[in-house]
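Data first, discussion second: the structure below is written as structure tokens.
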Number of protein chains: 2
Amino acid sequence: MFQDTQDNGTASVKSTEQAIMDAAEEVFLEKGYNLATTTLIAKKAGVTHAMLHYYFRTKEHIFMKVLEKILRELMQSFRPVMSKGEPFWETLEKGISTHFDFFAGHPRFATFLYDTIMHNPELVVRLKENIFPVLQKIYDFHIGMIREEMDSGRINEVDPMQLIADIVTLNLSTYLLLPVAGRMFQNAGNPAPVPDETTLKGILENRKAEIIALIRHRLYGKIQ
Amino acid sequence: MFQDTQDNGTASVKSTEQAIMDAAEEVFLEKGYNLATTTLIAKKAGVTHAMLHYYFRTKEHIFMKVLEKILRELMQSFRPVMSKGEPFWETLEKGISTHFDFFAGHPRFATFLYDTIMHNPELVVRLKENIFPVLQKIYDFHIGMIREEMDSGRINEVDPMQLIADIVTLNLSTYLLLPVAGRMFQNAGNPAPVPDETTLKGILENRKAEIIALIRHRLYGKIQ
DNA sequence: GAATTATTTAACAATATTGTTAATGACTTT
DNA sequence: AAAGTCATTAACAATATTGTTAAATAATTC
């Protein structure tokens, strides 16, 4: 490629390196670590695969760079969830909604993460160090909030851990199973009938509303 | 191996072929199609990998045999679900429970199926022909049942498709996320802390109870 | 513009994987 | 036990994949 000198006079950005990163993110998210070959990434970036080894030493190094990038975005997304002050249900609903929406903004992240943990757990060890403190904080915040509300008798008896599992499971599997469903229902030779933007938005809105309704009935529904 | 002649005098069973099938099922379920190498299967079966090609022509042929075997078991498991005569909630609860329990009896099936559909959708085309009529029948049965009950006003307003999605999602992801959680929470060098039989049984019983409680509150819970 | 440095390429190496084949050994039938 | 069939092995072939390297090209610095 070429030296992509910027207007501001500071150090220039190598657009080959950026092209590789972009291609790598795309391919890793789509295929998972094992099926994402360096040759395919190079092809998508429009360079020879030797370039990947020139800029990043190994396939694993590129992967880690990509992972770190996505994780930064993940943490960014979750920050506003923890702002306090609102009543219990509003806060919880906001939490569910934010969690749901994060995956809408990163539709391949659920499958990618799942695939990596399943097939390359060794790559997740470093990931854990980044992600665990954040997860722990969010988790503790919600568990405490639910327990407090339950003790006051304003919501039904429920194991807070199970409720969190319900929410995470329902939100995650929406995006975990969406591409699976897409592939499952396509016909033999035909390409997957990817729903258009508007349709997909509608599907996701309905799904989110149903998940919130489920949790609301679980917490507030009285059975005669 | 050896010719494993049986007592009943009929044609003998080749135990090499059976060993390969058993090993293949184990390895495919654990690793998925792409990461399950013929060499590894052969090693686990205690034979050279040329044997796989002798008994089954290709890797894909073995895979199909394994898939067919599991699918037969799947259909078997779902048969009793459809027996009618009981009241609505008892039938639905039995359906949820059966669905949940199938994955308990085939704990790797969810991840395996997911992996196959994600990374080898072409292998699922044949699968679809076997599995779809069965799924369709179960699906129609439950949709009809829910719609009827809702029209009579005995349960809350709900989109029957969303309710089915809730149940499938909650049941499936219990087993989809269980091995992921296992790997997620293990420490760097240590092996995964697989919970012992009794503990696992307790976890699963609690989870099933919570899922049933969720659906019950969704259908019967009244919000003032 | 000469020297130096950075980028890119093509060819090679090493390994893994699926599949084939020719030779060998074992078992069955008559 | 001779002939034929079945089971097994070891070696080979073909391809794919990750990674290296020496040489060529482009950019930068002095």
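Order of the sequence lines sets the chain letters (A, B, ...), proteins ahead of strands, with each chain counted from 1. Bear in mind that the values here come from a model prediction, so they are computed numbers and not experimental data.
Proximity of the aromatic rings of A:Y175 and A:F100 is defined here by a centroid distance below 6.0 angstrom, and this criterion is met. A ring-centre distance under 6.0 Å is found for A:F28 and A:F63.
If you take NE2 of B:H53 and C1' of D:dA10, they are 14 Å apart, rounded to a whole angstrom. Atom CG in A:L40 sits about 14 Å away from atom C1' in D:dT18, given to the nearest Å. B:K43 has its NZ atom 14 Å from the C1' atom of C:dT17, to the nearest Å. One interatomic measurement links the two molecules: CD1 of A:I41 to C1' of D:dT17, which rounds to 12 Å at whole-angstrom precision. Residue B:K31 contributes atom NZ, which lies 14 Å from atom P of C:dA16 at whole-angstrom precision. Rounded to an integer number of Å, the gap from CD of A:E60 to P of D:dT18 is 12 Å. Straight-line distance from the CZ atom of A:F56 to the P atom of C:dT8: 12 Å, rounded to whole Å. Per the geometry, CG belonging to A:N120 stands 12 Å off P belonging to D:dT18, to the nearest Å.
Within the structure, every side-chain polar atom (N or O) of A:Y54 is placed at least 4.0 Å from both OP1 and OP2 of D:dG19. Contact annotation: B:T16 side-chain N/O to D:dT8 OP1/OP2 distance is under 4.0 Å. Within the structure, every side-chain polar atom (N or O) of B:Y55 is placed at least 4.0 Å from both OP1 and OP2 of D:dC6. In this model, the phosphate group of C:dT17 is not approached by any side-chain N or O of B:T38 to a distance below 4.0 Å at OP1 or OP2.
Using the six-membered ring where Trp is involved, A:H119 and B:H119 have ring planes that are tilted, between 30° and 60° apart.
A donor-acceptor pair shorter than 3.5 Å can be found between the side chains of A:D22 and A:Q18.
Nearer to the 5' terminus of DNA chain C, by closest-nucleotide assignment, is the contact made by A:M51 (compared with the other of B:T39 and A:M51).
A cation-pi contact links A:K59 to A:Y33, judged by a cut-off of 6.0 Å to the six-membered ring centre and 45° from its axis.
Checking C:dT18, D:dT20, D:dT8 against the side-chain heavy atoms of B:H49 singles out C:dT18 as nearest. Between C:dT17, D:dT18, C:dT9, one nucleotide has an atom nearer to the side chain of B:T37 than all others, and that is C:dT17.
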